[in-house]
Every structure is written in structure tokens, then in C-alpha cells.
Amino acid sequence: MSTIALLDGNNFYVSCERVFRPALQGRPVVVLSNNDGCAIARSDEAKALGVRMGAPWFQIRHLQRDAGLVAVSANFALYGDMSDRMMSLAAGLGHAQEVYSIDECFIDLTGMPGDLAERARKVQARIRQWIGIPTCIGLGPTKTLAKLANHIAKTADRKPGSYPAHLARVCHLGDMPLAQRAQYLADTAVDEVWGVGPRLGAKLDGVGIRTAQDLAQAHLPTIQRKWGIVLAKTAQELAGIPCLPLETNPPPRQHIAFTRSFGQPVTQLPDLAQAVSEFAARAAEKLRRQHSVASQVMVFIRTSLFRPGSKPHRVYQTVPLALPSSHTPALQKAALQALDAMYQSGFLYAKAGVILHGIQSATAAQLDLDWGAAMPPANPRLMQTLDSLNQRYGRGTLRFATMAHPQQATVWAMKQERLTPSYTTSWAELAVAR
DNA sequence: TCTGGGGTCCTAGGACCC
DNA sequence: TCTGGGGTCCTAGGACCC
């Protein structure tokens, strides 16, 4: 019997901010998305005020005055660094780890001796003490049951009464009698299950599958025929049969995107070109980080989705590359070509993006036998040097002339009015002890 | 006035081929 | 009145995840 754990940081972005601003403890706090657009993390106190995930800031702003709500702009450099620290401590829980997202990981404890829930509590206490992040840990025989155990651990903490209090913060669904586990599954709505979203949840409800236990016991061939292989695997995992392996070495990404909404609408081609040039460079950085090359560059521009009365204008264009490349100028050139081909004046553009497709390994990339008039192969050391200088001295230290100066105010810049310092990743922004 | 960003997988349907 | 069968590849769209 295997044992998998799922560990995640509670309200992760908020908890990261609280580590460096203890005055935020106990207060309603939200972290805002890029452009300070909507709430992407909420403290328990903010949830209690009724702030929904993804709530637009302009709709909840009044809670600042009415309820003492504090809002901060997302600081992803800080959260990424805190995540690395949390993940390395979490890895000590078992013998293999899959980092599943910025705030959660699966850990394989199969075959480990002793009381595994007790072991989980020790790791949890260490993360709390050393990093300052509160966590919940769920354990079970499959990834889906570990997820569900984690959900129980979180919910028993936040909404007492929904599950027994002793399951709060650490819940092990693998070390209890099967009838007991079945009871907890029966107490869990089917749309709380990992892999069942609101749409599937509603459809399942329509055929009488209302709880996790209903899905675990459903007729498998019927599930597969009506809803596909993904839900069939979920159902089996709920029944305790592992179908989803631990991904300890995540495969390279098949698409790489860099997209942004603008702080204010953009109308002019030169401004869009500067933004698209920047986005292409940032996507190229990500591409090189995973040692890949791309063979197609897709660019889109679009107006706001939310302007009442007018249909949004959304266009995209894909430009193939003569040679698969990760060379920033080659990708920028293709991106600007795509932009030129589809730009029309007279629209208020709200968002643009560059998405790289046709990704393959840089070492395996096939050389074009006849590159004739195409660009000669780029010297990879130029891009390596650019990346290492920008990593060491800060983004924008070395850049291409089509891009904006990092200190230049661009019309397309993001709005981030509540940004906290990068306490752990910038020497200039270290916290000062007095 | 003001609504994020980045991924995955699966499926259906069309184009094309033999 | 009558019009095959089977396979691959690609794309768009839908569902899900954080």
C-alpha cells in the first residue's frame, strides 16, 4: 500500500507577506493580481468578510474603510523564493517529491516506518518555525486521496464542525478503517474532489453522483464512456487505486507564454511593439531556462472583455521560424512581424501576449540543411551571457533597443500601487532590524 | 473608471492519405 | 437509386488545475 502526502501553504501569498509584516496577523488581508486587478489570495479573516477568490478590487475596495481590509500588490519574486525554502524542508517528509505548484507538493512516503501523521506534524512545525509559513498536510494511498485529506485538514481547521477537529492541519486517510474513510468521503461534495470542477460537478449531481463516495463507487465503464478517461482515473484514485504517478522530474513545458494586461488602454502601434518586444524577450528567457527552442511565435492583442455594449476585438497571428530558436532577436523579429500583420488602429487595446509553440529540446533540435538566406545560426553564448548578467545585476541591465528602458515610464506599464519590498531576493530591499 | 496569468490534457472534427 | 474504410495529423474548444 502506497502513502502519498500533499503539503500546501495556507493562503500562501498572504502568509508570505505576514512573515515580513507581522502587523498583518489577525487582520483581513488580500493579495492583488497584476495591475491590482483582483484578489488572488485571501487571509481567513478576508474570507470571513465574504471576499471571493478573483473578486475585482474595485468591488471590494470599500472594505478597507468598512472592515479594515489590507490589500497588497502581488510580489512574485518574494513568493517564489519563500516557496523554494518551504519545498526544501517539505522534501524531508519522504523519499520523493513532486513540486506541483508554487505552494504545494506531493511527497511519497511509501514504505516509511513509524507513525506517518506524527512525522508530518514534525515537518509542519519545522516549516512554521524556520520559514514562518503555516501549512496543512493530507495523506492517503493515492494523490487524489491525499488531496482530499488535505482538503479535510484545511476545512476542519477553518470551519469547525464539518469534519472532526482532530483531523485539522494533518489528516491521514490511509491509517483509518475503510468504513471510516468512506464516511469522510460521503461527507465531501463531489465538486470538492481534485479534477471535478463546477461544470462536471453540476452534471454529476444531475445523475445522482453527489459526494466523493458516490464517485468512488460509480460504475467505472459508464464513467469513462460518459465523461472520459480523466474522470475515470479520478474515480479509481478515490477508491484507493493509484492511477496518477508522482512526477518527480517535470517534463519541459510544451507552450511558453508571457502575457500582460496593460495599466491603461494602448492605441498606438509603436507602444504595442515595445510591449510585444518586451514580452517576446521574457518568453525567450523562460525558453532558455528549460534548454528548449521554439519553432512558432504566436502573438495576440485584444481589447477589454468587460466593456459593456461593445464586442471585444481579439486577434492573433502565428509566425513560423525558419529555424527553431531561443535567440531573443529572432523571436522578437517574428513577434513584431505578427503584430504588424494584425494591428488595426482605432481600438483600445487592453492586453497582449507572446506564446511560443513547437517547443523542442535545444540539443535535439534538427539543423536546417539549407538555411540559405535565413539568419545564420545564433551564437548561444551571447544569450547565455545576457541571461547571467541580467540575473546577477537585475532585469533590463542588458536589453535590446526595441525594448523600453527599465526606468522609463511606458504607457503600457502595469499598475502596482501597493508593492511590498522583495525582502529575500534584492540586497537593496532587505528588511532592517533596529 | 476599475476584472490576472500560466499551464495541462482530452475530444471532436476537418484535411489528407492510401 | 446509388457514394468504402481506416488511419494520421492538426486545430480549436472545453474542461480542469494553481
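Protein chains get the first letters and strands the later ones, always in sequence-line order, with residue 1 at the start of each. Keep in mind that what you see is a predicted model, and the values were worked out from it rather than measured.
Electrostatic pairing of Lys233(A) and Glu237(A) does not count as a salt bridge here, judged by no charged N lying under 4.0 Å from a carboxylate O.
Side-chain N/O atoms of Ser43(A) and Glu45(A) include a donor and acceptor closer than 3.5 Å. Under 3.5 Å, the side chains of Thr363(A) and Ser361(A) contain a donor-acceptor pair of N or O atoms. Counting only N and O atoms by type, the side chains of Gln213(A) and Tyr184(A) include no donor and acceptor under 3.5 Å apart. Using modelled atom types, one finds a donor on one side chain and an acceptor on the other under 3.5 Å when comparing Thr328(A) with Arg288(A).
In this structure, Gln317(A) places its CD atom 12 Å from P of dA12(C), rounding to the nearest Å. One can place CE of Met298(A) at 12 Å from P of dG7(B), the figure rounded to the nearest angstrom. Atom CD of Gln254(A) and atom C1' of dG7(B) are 10 Å apart (whole Å). Rounded to a whole Å, the CZ atom of Arg225(A) is 18 Å from the C1' atom of dC10(B). One can place CG of Leu6(A) at 12 Å from C1' of dC18(C), the figure rounded to the nearest angstrom.
The closest side-chain heavy-atom distance from Lys147(A) to Glu104(A) is below 4.5 Å.
Residue contacts for Val31(A): at a heavy-atom cut-off of 4.0 Å it reaches no nucleic acid atom on any strand shown. Using a 4.0 Å heavy-atom criterion, one finds that Pro198(A) contacts the sugar-phosphate atoms exclusively. Nucleic acid contact class of Leu200(A) (heavy atoms, under 4.0 Å, all strands): sugar-phosphate only.
As rounded to the nearest Å, dC17(B) and dG4(C) have C1' atoms that lie 14 Å from one another.
Shown for residues 228-247 of chain A: no residue has heavy atoms falling under 4.0 angstrom of DNA chain C.
Side-chain atoms of Ser295(A) come within 3.5 Å of backbone atoms of Gly358(A) as a donor-acceptor pair (strictly under, hydrogens ignored). Checked by atom type and distance alone, the side chain of Ser15(A) pairs as donor or acceptor with a backbone atom of Asn10(A) at under 3.5 Å.
Figure legend. dC18(B) is base-paired to dG5(C); pairs are counted as Watson-Crick or G-U wobble with both atom distances under 3.5 Å.
Geometric assessment of Arg260(A) against the ring of Phe262(A) yields a negative cation-pi assignment under the 6.0 Å and 45° thresholds.
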Might you list the N or O atoms of the protein lying below 3.5 Å from N or O atoms in nucleotides 1-6 of chain B, with each pair's distance?
from	atom 1	to	atom 2	distance (Å)
dC2(B)	O2	Arg61(A)	NH2	3.1
dG4(B)	O4'	Ser33(A)	OG	2.9
dG5(B)	OP1	Ser261(A)	N	2.6
dG5(B)	OP2	Ser261(A)	N	3.4
dG5(B)	OP2	Ser261(A)	OG	2.8
dG5(B)	OP2	Lys351(A)	NZ	3.3
dG5(B)	O3'	Arg260(A)	NH1	3.0
dG6(B)	OP1	Thr259(A)	N	3.4
dG6(B)	OP1	Arg260(A)	NH1	3.1
dG6(B)	OP2	Thr259(A)	N	2.7
dG6(B)	OP2	Thr259(A)	O	3.1
dG6(B)	OP2	Thr259(A)	OG1	2.3

